[in-house]
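A quick write-up on the structure given underneath.
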Amino acid sequence: MTLFKARNIQKRFGARVVLENISLSVEEGTVHGIMGPNGAGKTTCFHVLTGFYPPDDGRITFEGHDITGRKPHQIARLGISRSFQIMNLFDDTVVIENVILALPDFRALSFNVTRNVFDDITLVDRALEVLDRVGLADRAWQKAASLSYGNRRALEIAVALAADPRIVFLDEPTSGLGAEATLRLMELIRNLREAYTIVIIEHDMRFLFELADTISVIHWGQVIAEDTPAALRANKWVARSALGDVA
Amino acid sequence: MISLSDIPARGGSPFTRSMGLFVLLLLTAPFWLEPIGLYQYLGMEIAIWILFALGFNLLFGYAGLHSFGHGAYLGIGAYAFGLFQQNVTLNLWGGLLAAIAAATLAGAIVGAFVSHRRGIYFALMTIAFGQVFWFAAIKLHSVTGGEDGLLGIPRPNLVVGPLKLDISDNRTLYWFVTIVLLVAVLALWRLVNAPFGRVLQAIRQNETRARFVGYNVWLIKWLTFVVSAGFAGLAGGLFAMAQESAYPDVMSLHQSGLIVMMVLVGGGLVSFWGPVFGVLLYFIARDIIGGLTETWLLWFGLMFVIMVMVRPEGLAGLFHVLRTCLPPGPRKAVGPAAHPGRA
Ligand SMILES: Nc1ncnc2c1ncn2[C@@H]1O[C@H](COP(=O)(O)OP(=O)(O)OP(=O)(O)O)[C@@H](O)[C@H]1O
Ligand SMILES: [Mg+2]
């Protein structure tokens, strides 16, 4: 089943056309990889798909419903989660609160003023489960700002998972990491395959080819190729371009 | 570094040592103010400003929305109270409700314009709106009395059921203000320790992230602005009673700057109680340094500059450092210890 679909997305900033014409279609239960050179428009594409910017043209549908032009919080509530290339965390507070804030059950209490924040032990338990998934359960009560860079990347993913999403968009989750931390995070993402529908922007081709069911190659704001890793490897155009050197 | 977002060791219980001390000071003030050479009216003035400052800090410290025009809502409350007494009927509760309602309404309108902003744009817009209200207060002569303001605003009797109490002298009015303040403090305490308060702080820390985990950031910012304006309005109503008048200076830019200064110096960015320290320090400076030299505001300003340079977390931050330097006592626990049943 097609879970998420974008058709002919266009995005301009003033005279600069960043997304010329992007179409993507994500099947439920699959990992959809996105690659492309720096400045190709990958992050902008994620921004448009998750409501950060409205598209100038095109349509976005989720589970068959048109969500074009909806606000980020509305899109998030449908079960569309994302992480950021440049990290976005709640830094003044502890790790576990970053996750609790993202739990839909906590969000439902956001206008509640009669109870205390951590009264509900099931929320704490639920957050610990999510943290356990990314290997941060034992750091739950540390300040988020005190985590190592790699752990912050993992927390960024935990926050996205906490929303109990139907689909997760990950924007270069391993960027800026050292070799060892990269391997650890790759392992983590591999384990997410089973449970989530994922769209992932990733520069590491070897990793992406192994992980993804389908890959879209974005260049100059357009999808220049979309296929399975095996077929892309055979694609002369991709193989010849600087991107294809894993083949 | 401490932060407002630290998790309180006692959950959200209001029975803390700080709260106890606060209540004790408020309830005993009428008995020691005069013996130590101060005067009844000062206690009332301080209590009103504490109310204003704590409500303001919900917006400034907790939500991180830096309003520099909050004096407007204090003033609107004061005028509304006065106009109610003079044009509707002589009634304490009616006047205070009018003060809250008028400030809330003004806050709702301004909030609708500023809530999609943050940072410098937010600050500038709050100043601009503050100036609009101030200007209106001066120009709408027939309603507001122009530069002179509303004079001779009465202090109506306190009526609770069959009970009728004359609260027109400073000491009894102080008791009334204190009770209102205590109720307001408990309400604010509840607010900041409830999920709503944590969401506010999440928005302060990272608006984008809050949006992408599903919070309607605009609505929450707007609501905070409105609530905070409402508290300012209540303080303004009490202020009109204390001063027996309402005049444009109450809502001047100077006043708006003063509340920011108090909250910053006191440590509103790191502690619920910070604004209280700030208000106390200001009035102590005014009455004690002010007794020695006319240039006291210069000294207070200098203190502000030094404070911002050496201890940007304000007095509350300073106290925290002093406390943690002392030999280990019962420390604030952040973490599983604070959560029974978690190991
Ligand atoms: N708000 C904006 N205003 C103007 N131009 C922008 C804006 N956001 C992005 N761009 C431009 O759009 C282009 C694509 O940026 P984008 O961040 O989407 O690239 P990317 O594919 O994610 O690159 P990278 O691999 O470096 O992350 C860049 O040239 C960038 O300068
Ligand atoms: Mg990018």
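Chain letters run A, B, ... following the sequence lines, proteins first, then strands; residues in each count from 1. Any value given below was found using the heavy atoms of this structure, including those in side chains, with hydrogens, waters and symmetry copies removed. Note that the structure is predicted; figures quoted are calculated from it, not measured.
A donor-acceptor contact closer than 3.5 angstrom links the side chains of N206(B) and N88(A). For N151(A) and S148(A), the side-chain atoms include at least one donor-acceptor pair closer than 3.5 Å. Under the 3.5 Å distance criterion, with hydrogens and angles disregarded, no donor-acceptor pair is assigned to the side chains of T197(A) and E28(A). Counted by atom type alone, Q205(B) and S5(B) present one or more donor-acceptor pairs between their side chains at under 3.5 Å. Between the side chains of H70(B) and T126(B), not a single donor N or O lies within less than 3.5 Å of an accepting N or O.
Neither the backbone nor the side chain of Q142(A) comes within contact range of chain B; no heavy atom of the residue lies under 4.5 Å from a heavy atom of that chain. Of the atoms belonging to L223(B), it is side-chain heavy atoms, and not backbone ones, that fall under 4.5 Å from chain A. Residue L4(B): no heavy atom, backbone or side chain, is found under 4.5 Å from chain A. Neither the backbone nor the side chain of I96(A) comes within less than 4.5 Å of any heavy atom of chain B. In this structure, the portions of A102(A) lying under 4.5 Å from any heavy atom of chain B include both its backbone and its side chain. With a threshold of 4.5 angstrom between heavy atoms, D91(A) approaches chain B through N, CA, C or O but not through any side-chain atom.
For the atom pair F60(B) CZ and F68(B) CZ, the distance stands at 5.0 Å (nearest 0.5 Å).
Under the ring-ring contact (aromatic ring centres under 6.0 Å, His included) criterion, Y196(A) pairs with no residue, sequence neighbours left out.
Taking non-hydrogen atoms and a 4.5 Å limit, the residue list of residues 60-82 of chain A in contact with chain B, ordered by number, reads P72(A), H73(A), A76(A), R77(A), R82(A).
For F84(A) and F46(A), the ring centers sit 6.0 Å or farther from each other.
With respect to the salt-bridge test (charged N to carboxylate O, under 4.0 angstrom), the residues E156(A) and R152(A) do not qualify.
The candidate with the highest count of non-hydrogen atom pairs below 4.5 Å against chain A, out of G197(B), A210(B), A194(B), is A194(B).
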